[in-house]
Protein chains: 2
Amino acid sequence: MSELEKYIKTYFGVSNDDLSKISSYFKPVTLKKNDYFLKEGRYCDKLGFVQRGIIREYVLIGDKEVTKWISTSGYFVVDLSSFVFHQTARWNIQALTDCELYVIDQKDYQQIGKVVTRWTELEKLFIAKCFTVLEDRVLTHLSMTAEERYNQLFNFNKELFNQVPLQYLASMLGMTPETLSRLRKKAAG
Amino acid sequence: MSELEKYIKTYFGVSNDDLSKISSYFKPVTLKKNDYFLKEGRYCDKLGFVQRGIIREYVLIGDKEVTKWISTSGYFVVDLSSFVFHQTARWNIQALTDCELYVIDQKDYQQIGKVVTRWTELEKLFIAKCFTVLEDRVLTHLSMTAEERYNQLFNFNKELFNQVPLQYLASMLGMTPETLSRLRKKAAG
DNA sequence: AGTTGGTCTTGACAAAAATCAAGAAGTTTA
DNA sequence: TAAACTTCTTGATTTTTGTCAAGACCAACT
């Protein structure tokens, strides 16, 4: 069973039958380091699942890249506003390392709904879960200092700090690279 | 046609038939100023639509109230993680003024799905829309200063600053009341 | 009218974080 | 291997924001 299937099974609790139907629509895709899964302004007509590697989602604001999220193994990558509402994409989605993805295009995605009865329900639950995660993230910015946000992320996933350029983590945490560097030093004691 | 029906119609583009089915499940409820629609730790078994009045969603972190959102006419109020996943609620949802809501309880909510074919699809679209709004909100904290966040909100909804205690707006914007006060003075020039 | 309680503002100061600049360390490229 | 890049760190400094304390303002209540 692939990581994708494990993920879907664990998360959604679908039958093995539905599981194989769903996963059969996903096709393996590899990205080389620095390749783009999606570029701002295009239409996002596919959904990716990260099997291996690291992917960054960012947007250019003025002359600065703002990193919204770093996806590692087990995460989906997509521009939801584009995928669901057929608007132009807001995010650049770029491989930070060589990556293996499972990707489904929009046409196949819509097919799932015709084959798996509960699909729209599962979609709803998944997006609702993502929503609550984002709610928490907003709250960290309303109630925590840069130092607290750094410590939280570091405790949640230390490995990330070895695998991802720190400037991107700094941006994702809402601070400058210099501040992140100093907080690291401080936390290391 | 009520505000609720207008909202549903505008937003989801359902037929008049479906619209009346959906709205018939919502019941008018009034809240007095300071009444709670929901308290942290309880289960959120209802969804509310704000017809009139102002409602604050906040959470107690340590000894501080952190205001996540202020809902005015046209907004839904709910603790999504509780309503969808049947977990204990994370938010306190309290009326800042006397309010008129349209409220649907969970049992009736589930009935809609049996009566309106596209219901789960509509739910999905609605939650997806909420998700993209939250994405933007996260981005404001990654890329904007307190001053810029204040100006953005003020330009978006000046009225709010006359209707809502400023301390709550400050919290929602991720700054102290003192900072908000100074930014107001500065912007007024 | 006076008191009380809550809210907002202001000032002085402290802390946090950003900016600017330089240099160290590590990679990639030629 | 050396040169060129890029990334990260560090120091000095400025700016932004938070904290604490006091007072102004306003509304509600007695």
Side-chain angles (χ1 to χ4, degrees), chain A residues 32-35 54 56 58 60-67 70 94-98 138-154 158-189, chain B residues 32-35 54 56 58 60-67 70 94-98 138-154 158-189:
Chain A
K32 288 283 176 197
K33 182 173 176 173
N34 295 329
D35 281 355
I54 303 177
R56 178 171 74 115
Y58 72 92
L60 212 61
I61 298 183
D63 58 348
K64 284 188 183 159
E65 291 179 0
V66 178
T67 297
I70 306 277
Q94 185 183 25
L96 290 183
T97 65
D98 291 355
V138 168
L139 224 62
T140 66
H141 286 280
L142 300 186
S143 65
M144 292 165 76
T145 61
E147 182 169 10
E148 290 167 333
R149 292 198 302 277
Y150 161 72
N151 287 327
Q152 178 180 270
L153 181 62
F154 184 73
K158 291 183 174 54
E159 266 312 292
L160 217 51
F161 291 79
N162 298 321
Q163 299 168 332
V164 176
L166 296 174
Q167 56 183 318
Y168 300 147
L169 293 179
S171 175
M172 187 176 109
L173 285 166
M175 64 187 76
T176 61
E178 293 94 331
T179 295
L180 177 61
S181 177
R182 292 184 178 108
L183 292 176
R184 269 159 58 81
K185 190 179 178 183
K186 186 173 174 185
Chain B
K32 288 284 175 196
K33 182 173 175 174
N34 295 329
D35 282 354
I54 303 177
R56 176 171 76 114
Y58 72 93
L60 212 61
I61 297 183
D63 60 347
K64 283 187 183 158
E65 290 180 1
V66 178
T67 298
I70 306 276
Q94 185 183 25
L96 289 182
T97 64
D98 291 354
V138 168
L139 224 61
T140 64
H141 286 280
L142 300 186
S143 65
M144 293 166 76
T145 64
E147 182 169 10
E148 289 167 335
R149 292 198 302 278
Y150 161 73
N151 286 327
Q152 178 180 270
L153 181 63
F154 184 73
K158 292 183 173 52
E159 268 311 294
L160 217 51
F161 291 79
N162 297 322
Q163 298 168 333
V164 176
L166 296 175
Q167 56 182 318
Y168 300 147
L169 294 179
S171 176
M172 186 176 111
L173 285 167
M175 65 186 76
T176 60
E178 292 93 333
T179 295
L180 177 61
S181 177
R182 292 183 177 109
L183 292 175
R184 270 158 56 82
K185 190 178 178 183
K186 187 172 173 184

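In what follows, chains carry the letters A, B, and so on, assigned in the order in which the sequence lines appear, proteins first and then strands, with residues in each chain numbered from 1.
- Partners of A:Q152 under the side chain to side chain donor-acceptor pair (under 3.5 Å) rule, at least two apart in sequence or in another chain, do not exist in this structure.
- The distance from the CD1 atom of B:I61 to the CE atom of A:M144 is 8.5 Å, given to the nearest 0.5 Å.
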Can you tabulate the close N/O pairs, meaning under 3.5 Å, that link protein atoms to atoms of nucleotides 22-30 of chain D?
none

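- The distance from the CZ atom of A:R149 to the OG1 atom of A:T145 is 7.0 Å, given to the nearest 0.5 Å.
- Straight-line distance from the OH atom of A:Y150 to the P atom of C:dA17: 14 Å, rounded to whole Å.
- The number of heavy atoms from other shown groups lying within 6.0 Å of NZ (A:K32) does not exceed 12.
- Atoms CD (B:E65) and C1' (C:dG6) sit 13 Å apart, rounded to a whole Å.
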Listing time: all N or O pairs from protein to nucleotides 8-11 of chain C that are below 3.5 Å?
from	atom 1	to	atom 2	distance (Å)
C:dC8	OP1	B:L166	N	2.6
C:dC8	OP2	B:L166	N	3.4
C:dC8	OP2	B:Q167	N	3.3
C:dT9	OP1	B:R184	NE	3.4
C:dT9	OP1	B:R184	NH2	3.1
C:dT9	OP2	B:S181	OG	3.1
C:dT9	O5'	B:S181	OG	3.1
C:dG11	N7	B:R182	NH2	2.6
C:dG11	O6	B:R182	NH2	2.9

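- Take A:E65 and apply the salt bridge (Lys or Arg N to Asp or Glu O under 4.0 Å) test, not counting sequence neighbours, and it matches A:R56.
- In this structure, CG of A:L142 is placed 16 Å from C1' of D:dG18, rounded to the nearest angstrom.
- To the nearest 0.5 Å, atoms CD (B:E159) and CD1 (B:I54) are separated by 9.0 Å.
- Residue pairs that meet the side-chain hydrogen bond (donor to acceptor under 3.5 Å, both in side chains) test with at least one member in residues 180-189 of chain B, sequence neighbours left out, are B:E147-B:K186.
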Please tabulate, one pair per line, each protein N/O and nucleotide N/O from nucleotides 23-29 of chain C that are separated by under 3.5 Å, including the distance.
none

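- Two end axes, each from the C1' atoms of five base pairs, can be drawn for the helix from C:dA1-D:dT30 to C:dA30-D:dT1; they diverge by 40°, to 10 degrees.
- Between A:F161 and A:F154, the ring planes lie perpendicular to each other; the angle is over 60°, past the 30° to 60° tilted range.
- Side-chain contact between B:L96 and B:I70 is present, with heavy atoms from C-beta onward closer than 4.5 Å.
- Atoms CG (B:N34) and P (C:dG5) sit 17 Å apart, rounded to a whole Å.
- Regarding B:E148, its CD atom lies at a distance of 13 Å from the C1' atom of C:dA18, rounded to whole Å.
- Atom OG1 in A:T97 sits 11.0 Å away from atom CG in A:D35 (nearest 0.5 Å).
- We find that CE of A:M175 is positioned 12 Å from C1' of C:dA18, with the value rounded to whole Å.
- Rounded to whole Å, atom C1' of C:dA16 lies 11 Å from atom CZ of A:R149.
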For residues 166-177 of chain A, tabulate all N or O donor-acceptor pairs below 3.5 Å that involve a side-chain atom, not counting sequence neighbours.
from	atom 1	to	atom 2	distance (Å)
A:S171	OG	A:T67	N	2.8
A:T176	OG1	A:T179	N	3.2
A:T176	OG1	A:T179	OG1	3.0

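- Rounded to whole angstrom, the span from the CE atom of A:M144 across to the P atom of C:dA17 amounts to 11 Å.
- A distance of 10.5 Å separates CG in B:L153 from NZ in B:K158, rounded to the nearest 0.5 Å.
- In this structure, the separation between CG on A:D98 and CG on A:N34 is 9.5 Å, given to the nearest 0.5 Å.
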